[in-house]
Amino acid sequence: MRLRLFFFGLILNMTTHYNRIGGVEKLRALVTRFYRSMDELPESYGIRQMHPDNLQGSQNKQIKYLCGWMGGPALCVQQYGHSMQRRRHLPFPISDCERDQWLLCMNSALRDEVEDADLRRELSNAFAKVADHMRNIQE
């Protein structure tokens, strides 16, 4: 779906990341791969320990969050209210190390699940900003 915006006489065509990635099913594949990476990569041990043994609830919430974050339906907001992601992560110690572990898993998932190199780069850059914002421990 393309969004057409009328702004001071100009029509801008915008395609959301949600649409470019392929909607909720591709997001589900991305998130599944992300959590599989967290389980498989020894370098991600620290962040894996912050999660419950059963990752299904975490996966479902992340899919809903990413739908809205990427410009699709605001499923997370509809179910839980405003996400306040940084606030929700404050109970967990997140330093550069945890940020980097999270990004390792997400970039691995992006490489495996997103064929479009431009979209992969855009999402990787956006995820890096979000992950950096989640830090709550200065090293």
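FYI, side chains are in, hydrogens and waters are out, and symmetry mates aren't considered; it's all heavy atoms of this structure.
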With hydrophobic residues grouped by side-chain heavy-atom distances under 4.5 Å, do L75 and F34 end up in a single group? no
Which atom of S124 lies closest to which atom of N107, heavy atoms considered: OG-OD1, 2.7 Å
Beyond-backbone contact of K61 with K64, side-chain heavy atoms, under 4.5 angstrom: no
Given the rule that I, L, V, M, F, W and Y join up when any side-chain heavy atoms are under 4.5 Å apart, are M50 and L41 in one cluster? no
According to side-chain hydrogen bond (donor to acceptor under 3.5 Å, both in side chains), who are the partners of D116, at least two apart in sequence or on a separate chain? none
Rounded to the nearest 0.5 Å, what separates atom CG in D53 from atom CG in D39? 9.5 Å
Single hit among N136, I47, I137 for side chain to side chain contact (heavy atoms under 4.5 Å, CB included) with E98: I47
Would you mind checking if D118 and R121 are paired as a salt bridge, meaning a charged N to carboxylate O distance below 4.0 Å? yes
Would you say S37 and M106 make side-chain contact, with heavy atoms under 4.5 Å? no
Atom pair NE2/SG of H17 and C67 - distance to nearest 0.5 Å: 14.5 Å
Indicate if M38 and L104 have the same hydrophobic cluster label, given that clusters are the connected sets of ILVMFWY residues with side-chain heavy-atom separations under 4.5 angstrom. no
Any side-chain heavy-atom pair from H51 and Y35 closer than 4.5 angstrom? yes
Please round to the nearest 0.5 Å and tell me the distance separating atom CG of L110 and atom SG of C105. 11.5 Å
Nearest 0.5 Å, please: how far is SG in C97 from CZ in R135? 12.5 Å
Closest non-hydrogen atom pair, T16 against G71: CG2-O, 3.7 Å
Could R48 and E40 be called an ion pair, given the rule that one side-chain N must be under 4.0 Å from one carboxylate O? no
Would you kindly confirm whether W102 and M134 end up in one hydrophobic cluster when ILVMFWY residues are joined by side chain heavy atoms under 4.5 Å apart? yes
Please check this pair: side chain of R33 against backbone of L30, looking for a donor-acceptor N/O pair closer than 3.5 Å. no
Heavy-atom neighbours of K26 NZ exceed 12 at 6.0 Å: yes
Counting heavy atoms not belonging to E115, are there more than 12 under 6.0 Å from its CD? no
Taking the side chain as every heavy atom from C-beta outward, state whether V130 and W69 have any pair of such atoms under 4.5 Å apart. yes
What's the spacing between S44 OG and L103 CG if we round to 0.5 Å? 12.0 Å
Kindly compute the distance separating CG (L27) from OG1 (T32), expressed to the nearest 0.5 Å. 10.5 Å
Counting distance only, does the side-chain N/O of Q101 pair as donor-acceptor with the main-chain N or O of G46 below 3.5 Å? yes
Heavy-atom distance under 4.5 Å between the side chains of L66 and F127, does that happen here? yes
Check: Y18 and V24 side chains under 4.5 Å, non-hydrogen atoms: yes
Within the 4.5 Å heavy-atom criterion, are M70 and L123 side-chain neighbours or not? yes
D96 and R99 ion-paired at < 4.0 Å: yes
